[in-house]
Enquirer: 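Would you mind keeping the following structure in view while I ask a few things?
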2 protein chains.
Amino acid sequence: MARTKGSVGADTKTAIYAAAKKLIEAKGFEAMTLRQLAAEVGVQAGSVYRYVESKDELLQALMNQHMISLIENWEKLEGKGEDPVSRLKAFVAFHIRYHIERRADVVIANLELRSLGEEYRADVVTKRSQYEANLRRILSDGVKAGVFPKVDLEVAAFAIIAMLTGVCFWYRPDGRLSIDEIIDVHQKLVLQGVVG
Amino acid sequence: MARTKGSVGADTKTAIYAAAKKLIEAKGFEAMTLRQLAAEVGVQAGSVYRYVESKDELLQALMNQHMISLIENWEKLEGKGEDPVSRLKAFVAFHIRYHIERRADVVIANLELRSLGEEYRADVVTKRSQYEANLRRILSDGVKAGVFPKVDLEVAAFAIIAMLTGVCFWYRPDGRLSIDEIIDVHQKLVLQGVVG
DNA sequence: CTATTAATCAAACGAACGTTCGTTTAATTA
DNA sequence: TAATTAAACGAACGTTCGTTTGATTAATAG
């Protein structure tokens, strides 16, 4: 056999990326074999190389796509004129919602940095810091405006983002709470802590 | 050659576990090969099997040891009589300090669950939940005592632990802040949030 | 001093890995 | 309809993986 009936290159490429996300999320990048990936797409292992330069390049592409899209989506939504509290609440809501909806992307971006070749790693790390800068800016504006007490911006940003991203690792669609309720809990925690 | 001069089985076993932690932290479990592990110890690959049943069992042992020791160490330190705020502050300090000092263990326990065989995974997950229950209890006592406003205990515990564990992934010993300063920032964030 | 046990080496195993390549078939263009 | 290009197959490549085994040497016990 050779070319299969109804096969379209663009569709296969899309299917490869989707299957890769699914498998890497479930098993990890190193544990995913190209034969598993190919089987998930319904194709032979060698055929993947029509669409992908190498396994490493595939991981790089997935991570980069995710980071770029994350940054773009927040920039589209950001309301620069608003007060720091509203902006912070908006950031919390955006981050949780966006991450829950793209669980696989997030798990990959957070767990597979080690598997990424050094040539690519710096790129992803830079983009991540670029995204985190959005939160640092909100906090900084809040402190300057006297709305937030003085706090170490770098540590606070790391801490808040770790908290928010963590949702991806326990959230279940059929769980007890809705996404809105989860967002609400986190907004309160970020703003007022447990003492309130 | 065969048995080397001055070789002691117990020492080799210790060295194997230490080297495994180091390599898994750096490269991930799947990416670490037994030949790399053996080289780090200064031994041939086959020799590792005198001390380890299989690669999978090695990972299981590392994770289980870490979870058991984490639970035990908190129980030793826990002050049950104190007020919820003090207990919460103590928990934050303990968790950060313990995790920073055992970075490799923590990275492994948090990143390699997927690589753990199903037979073992439930065990580790149960132990993790057991540790998290300590925090839930503190929060619950605080809410009952009227010191903390009502909050979803499960989500709050997940959120706080994610925040605290996150320190492991950016902390550097030669960084700008000391561990005590980092703990301080986190205690304030957990208790009062950014608004204060 | 001898027998036994502990610890390691060195070589090999089959299986699976990522990747390459020549061939074959489907779709498109001329 | 004939020629060309797109898409996939299927077999093979050399390499590396986790693991097993039997020989070999060091330490210990009788």
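Just the heavy atoms: all of them, side chains too, but no hydrogens, waters or symmetry mates, feed the values below. Here is the naming used below: chain letters follow the sequence lines, and residue numbers restart at 1 for every chain. Computed from a predicted structure; not experimentally measured.
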Enquirer: Between B:Leu23 (CG) and D:dG18 (P), how many Å, whole number?
Expert: 12 Å
Enquirer: What's the CG-C1' distance between B:Asp11 and C:dA7, to the nearest Å?
Expert: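 From B:Asp11 CG to C:dA7 C1': 12 Å.
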Enquirer: Is B:Gln192 reaching over with its side chain to a backbone N or O of A:Gln192, donor-acceptor style, under 3.5 angstrom?
Expert: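 Here the side-chain-to-backbone pair does not exist.
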Enquirer: If I take atom CE in residue B:Met32 and atom P in nucleotide D:dG18, what distance separates them, rounded to the nearest angstrom?
Expert: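 Interatomic distance, CE of B:Met32 to P of D:dG18: 7 Å.
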Enquirer: Which nucleotide sits closest to the side chain of A:Tyr51: C:dG18, D:dT19, D:dA7?
Expert: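 Shortest atom-to-atom distance from the side chain points to D:dA7.
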Enquirer: Rounding to a whole Å, what distance do you find between B:Ile16:CD1 and C:dA7:C1'?
Expert: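 For the pair B:Ile16 CD1 and C:dA7 C1', the rounded distance is 11 Å.
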Enquirer: As a test of reading the structure: which of C:dT8, D:dG18, D:dA8 is closest to the side chain of A:Arg50, going by heavy atoms?
Expert: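 Of the candidates, D:dA8 comes closest.
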Enquirer: Would you kindly compare A:Phe29 and B:Gly46 by the position of their nearest DNA chain C nucleotide and give the one closer to the 5′ end?
Expert: B:Gly46
Enquirer: Can you confirm whether or not the ring centre of A:Tyr131 sits under 6.0 Å from the ring centre of A:His95?
Expert: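 Centroid distance A:Tyr131-A:His95: below 6.0 Å, so yes.
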Enquirer: Which nucleotide wins on minimum distance to the side chain of A:Tyr49, given the candidates C:dG18, D:dA8, D:dT19?
Expert: C:dG18
Enquirer: Answer with yes or no after comparing the ring centroid distance for A:Trp74 and A:Tyr98 against a 6.0 Å cut-off, counting only values under it.
Expert: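 No: the rings miss the under 6.0 Å criterion.
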Enquirer: In whole angstrom, give the distance that lies between atom CG of B:Leu34 and atom C1' of C:dC13.
Expert: 15 Å
Enquirer: How close or far is atom C1' of D:dG18 from atom CD of B:Glu57, stated in whole angstroms?
Expert: 14 Å
Enquirer: Determine the minimum heavy-atom distance between B:Glu53 and B:Glu57, stating which atoms define it.
Expert: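 Closest approach of B:Glu53 to B:Glu57, heavy atoms only: N-OE1, 3.3 Å.
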Enquirer: Return whichever of A:Glu53 or A:Thr33 has its heavy-atom-nearest nucleotide of DNA chain C closer to the 5' end.
Expert: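 Result of the comparison: A:Thr33.
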Enquirer: If you compare every side-chain N and O of A:Ser47 against the phosphate oxygens of D:dA7 (OP1, OP2), does one of them come in below 4.0 Å?
Expert: no
Enquirer: Looking at the side chain of B:Val43, which of C:dG18, D:dC9, C:dT8 is the nearest nucleotide?
Expert: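 From the listed options, C:dT8 comes nearest.
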Enquirer: Calculate, to the nearest 0.5 Å, the distance between atoms CG and CD1 belonging to A:Leu189 and B:Ile160 respectively.
Expert: 6.0 Å
Enquirer: Return whichever of B:Gln36 or A:Ala45 has its heavy-atom-nearest nucleotide of DNA chain D closer to the 5' end.
Expert: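 First, find each residue's nearest nucleotide; the 5'-ward one identifies A:Ala45.
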Enquirer: Between A:Leu37 (CG) and D:dA8 (P), how many Å, whole number?
Expert: 13 Å
Enquirer: What is the separation between atom CD on B:Gln44 and atom C1' on C:dA7, rounded to the nearest whole Å?
Expert: 13 Å
Enquirer: For the side chain of A:Thr12, counting heavy atoms from C-beta on, which of C:dG18, D:dA8, C:dC9 is nearest?
Expert: D:dA8
